[in-house]
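What follows is a short report on a single structure.
Side chains are part of it too, since the values below use all heavy atoms of this structure and drop only hydrogens, waters and symmetry mates. Below, read A as the first sequence line, B as the second, and so on, with proteins coming before strands; counting in each chain starts at 1.
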Amino acid sequence: MKAAVLTFPGSNCDDDLLWAVKDIAGADAELVSAKSESLDGFDLVLVPGGFSYGDYLRSGAIAKFAPIMTALKQFADNGGYVLGICNGFQILTEAGLLPGALQWNTSLEFICEPEPLKVVNNQTAFSNQYPEDQAITLPIAHGEGNYYADADTLAEIEANHQVVFRYAKNPNGSLNDIAGLTNKAGNVLGMMPHPERAVEALLGGTDGLGVFESLINATKGAAHAAN
Amino acid sequence: MLQTELTPEQIRDQKPYLQLGLTEAEYNLFAERLGRLPNYTEMGLQSGMWSEHCSYKYSKPILKTFWTKNDRVLMGPGEGAGVIRIGEGKAVVFKAESHNHPSAVEPYEGAATGIGGIIRDIFSIGAKPVASLDALAFGDEFDAHNKNLIDQVVAGIGGYGNAIGIPTVAGEVQFDPGYQKNPLVNAMTVGVMDEKDIQKGKAAGVGNAIIYVGAKTGRDGINGASFASAEFSDAEDADRSAVQVGDPFMEKLLTDACLEVTHDHKDALVGIQDMGAAGLVSSSAEMASKAGYGMTMDLDLIPQREPGMTPFEIMLSESQERMLLCIRAGHEQEILDLFKGYDLDAVVCGRVENGHQYRLLHHGEVVCDIPVSLLTDDVPTYTTVPEKPERLKNPAPDFEPVIEDLEGTYKQLLAMPNIASKRSLYRRYDAQVQTNTVIAPGGDAGVIRVRGTHKALAMTADSNGRLLALDPEIGGAITVAEAARNLVATGAEPLGITDCLNYGDPSKPEVYYELQESAKGIVAATKKFNTPVISGNVSLYNETDHHGIHPTPMIGMVGLIEDLTAITTVDFKQAGDIVYLVGQTGDDYNGSSLQYLQTGAYAGRLTGFDLEAEKQTQDLVLTLIRKHLVNAAHDLSDGGLAAAIVEMGAKRDLGLIADTTLTTTQLFSETQGRFLLTVKPEDQAVFEAIAQDQAVQLGVVSTGDFDLKLADGELHTQMSQLTTIYSEALACALK
């Protein structure tokens, strides 16, 4: 299995994500520039947090036009696993790979806090290593993490069991306490909390490791398995 | 904007330099050394470079008294930032900077560009910025103006730091009437690098290229250095043009690109410096002067944001996110290509020359031709004859508090803005990006592990203006001691300090006295704690309508942790752990939070500080932590023992059952040099054998009850009752 960690100008969690998936979880992974046009040879694409292109217009609004995005859509359409974290989640909704949108937190303030969550669906490629309804704590660090979708979309999301992580104490006003959800096919997940910030006991906890272990498990035996 | 520039003779006669902060004597000295009358551009360059902000003309005699070297210091003051060896081939780089004036006028951008500026100082040395800290001071009257100021300063620091991806891991916020009209916004950044990669800001070697990189030059922040070196008046509210606007996205690209130059293009790079105060003139003149060369630059080549800018404007603009590089001749293209890859502007705008002349061309004409030393070295220094302020000659009598309602007083104390939790403010900073943060804000110090080593760095930013107002010398020493205490509480050995010296108008004898006396205290303490001053910044003229701030040196201190398993946090861990008080408690109430609570002022002489005893206590605590005998540690400062207990209990709502010979008032005494430690029962014997009578058992951690038996009173409550007040008071007050 080989993972690509995308790097947009202004991404700032790309190195953290690479460290988590490669140095801690032990997968084969490398950084791929958003200026690149190919994702050939990768079994998993990770879209990191940060402020892509400064996020001056709207989070992720410019990033969706980056050269890599065409390849990313194709990769997802072909069933490849894509994980977007924080700004990565915002980019995936802007690009239409995930339903809904992320608005300003109801407090209108950036919030950095450890946040209690519940894993409400452990039948996905991103959560299969967590016990059902597992309570975990992951850090959040965002200004625009308030998940919104219209009523019909939301009903469909719930009916399809697309929600994977829910906040225990909703910090930002997200509808249905949604902290992370997949697309309908289940191969693309976006989440506002940062699992890559919770993979080492020294830094306060390892509750995020399960996300990467789940993906490694889901892609086991993939064509480009690490040597 | 100036349509036609004044001629040299008109400048002599009309004296426009007075508006730019120069005195007539300074103008005359410059003209005399030059041998002719300076033209408009030259006079403008003088005004920027001879400002206090750039030349330290009032503070230099004081700064010279600082202790700046020990065997670990690789680079001291004088460069972008100082550097200290931490072993395993690595070094730590840090510096602090004030952005008080810009933040008072335009709080969001003022604070944001404060962070942006200090980050450039760090990567200009070749270090990757790994953490930032902020030290803020505001008035404590929360009117609409002040609430907005606080909100926007915090938003600005977060807006820049969060976006660029450098965690803000520690800091402080103080509230005091002394800062109502002059808020303090000090920012500090810490970087880590390989020892062998240290860069300097120098432009050497005839024919080598001067390359301008980053944002285009605009009309923002023109002559900001002079602006920062003048005092405010309520009558003038037209200073907005002197504040710059920040772009953290641009700076992220600039950081990555410049670090690539320093790591991968060593053959090409001669020197690198950021364009901070006084922009292009200070960076270029300092680079030439430090290397002992001359320089010529063609201003038509400088990337400009708007048409028609004069040489004066181009040279003194403080547009953000710009760097100046000196590149060996023949390597220009590889460097220009590298920046192009990051979508950044980069142009060769000048060359290093033999001799000492600093020449600027504009539209084919020489607009400046002066010896570079006139800008950098020939600035006169001033000493004011100091005079002890009246309030220090006749201090108020010692404050003798009386507490009739212990629980009520305790609760009021916890709700004081200076004591209550600052979480509602620091939660707006990303504290964990880069995934190295071991201790985030809320502890005694921020701690980050150093990748590629077995070490961690602890860092803190502390100031105590209200104590210096009572005694600048002792207050200065206390500030250094408190910073060291904060680091020791996490298990770190203090390494060195950076400072921001925030004071009033230094030409006033009383202000100069405060500067001089506080320097004495700082020097004595830095020697005692083996923490040389490796970098710093001076912010004078913090006055509005002739009222100065408290003398407020901000001490940013960094310490080293050699054992990642011996990092200690503030919070009580488990019921049954034994709580010890280390250090003597006296009746020290002058300048205390209790005094402010009961009288509405800080007054009296300063007591309760013993530098030697403080050092011994800190050494003991560090020894105990390193032996893994301590599972929570906290230093005692504002609010004394009373505040410290609640701060330790807050995270888990764990309480305390204690029986002590201390009195009710001593619970609130602010004697320096004290710690609270908790120890697991199984470690008690070994702990006591080492600590002996220096640690006194106070009680045991409980599941939630807070029962305190004092010599002359008792308190029975639930910890959660107190922690709720502590946690929520400030957020409520600022709503």
Are more than 12 heavy atoms, taken from residues, nucleotides or ligands other than A:Glu30, located less than 6.0 Å from that residue's CD atom? yes
What one should report as the nearest heavy-atom pair of B:Arg423 and A:Pro114 is NH2-CD, 4.2 Å
Are the side chains of A:Phe110 and B:Arg427 in contact, using a 4.5 Å heavy-atom criterion?
no
What do you reckon, is NZ of A:Lys118 surrounded by more than 12 foreign heavy atoms closer than 6.0 Å? no
Quick check: do B:Asn162 and A:Phe51 have side-chain heavy atoms less than 4.5 Å from each other? yes
*asked:* Counting only heavy atoms from other residues, nucleotides and ligands, does the tally under 6.0 Å from NZ of B:Lys90 exceed 12?
replied: yes
When rounded to the nearest 0.5 Å, the distance separating CD of B:Gln432 from SG of A:Cys13 is 10.0 Å
Should the pair B:Phe249 and A:Tyr56 be assigned to parallel (<30°), tilted (30 to 60°) or perpendicular (>60°) ring geometry?
-> perpendicular
task: Find out whether A:Leu203 and B:Val438 are in side-chain contact, i.e. whether some heavy atom of one side chain is under 4.5 Å from a heavy atom of the other.
output: yes
d(A:Leu202 CG, B:Ile567 CD1) to nearest 0.5 Å is 5.5 Å
Bottom line for B:Ile164: the part with an atom under 4.5 Å from chain A's heavy atoms is backbone
Please answer whether the main-chain N or O of B:Ala163 pairs with a side-chain N or O of A:Asn12 as donor and acceptor at a distance below 3.5 Å. yes
Whatever's closer than 4.5 Å to a heavy atom in chain B on A:Pro171 counts as neither
Would you mind reporting whether B:Arg428 and A:Ile111 have side-chain heavy atoms less than 4.5 Å apart?
no
Practice task
Answer yes when B:Asp343 and A:Lys35 have at least one side-chain N-carboxylate O distance shorter than 4.0 Å, and no when they do not.
Solution key: yes
* Asked: Do other residues, nucleotides or ligands put more than 12 heavy atoms under 6.0 Å from B:Lys216 NZ?
  -> no
Turns out that what part of B:Asn436 lies under 4.5 Å from chain A's heavy atoms comes down to backbone
Note: A:Cys112 and B:Asp430 closest approach over all heavy atoms is SG-CA, 4.0 Å
Check the surroundings of atom NE2 in B:His454: do more than 12 heavy atoms from other residues, nucleotides or ligands lie under 6.0 Å from it?
no
Notebook entry, point to check: So with a 6.0 Å cut-off around NZ of B:Lys651, is the heavy-atom count from everything else above 12?
Noted result: no
When the 4.5 angstrom heavy-atom criterion is applied to B:Leu564 and chain A, the contacting part is both
Okay, A:Ser11 and chain B: the region with an atom under 4.5 Å from a heavy atom over there is backbone
- Task: Decide side chain to side chain contact (heavy atoms under 4.5 Å, CB included) for B:Val433 and A:Arg197; before the verdict, give the C-alpha distance in whole Å, the side-chain angles of both, and the deciding distance to 0.1 Å.
- Result: CA-CA 8 Å; B:Val433 63; A:Arg197 294 185 181 187; 3.4 Å; yes
- Look at atom NZ of B:Lys340 and say whether more than 12 heavy atoms of other residues, nucleotides or ligands are closer to it than 6.0 Å. no
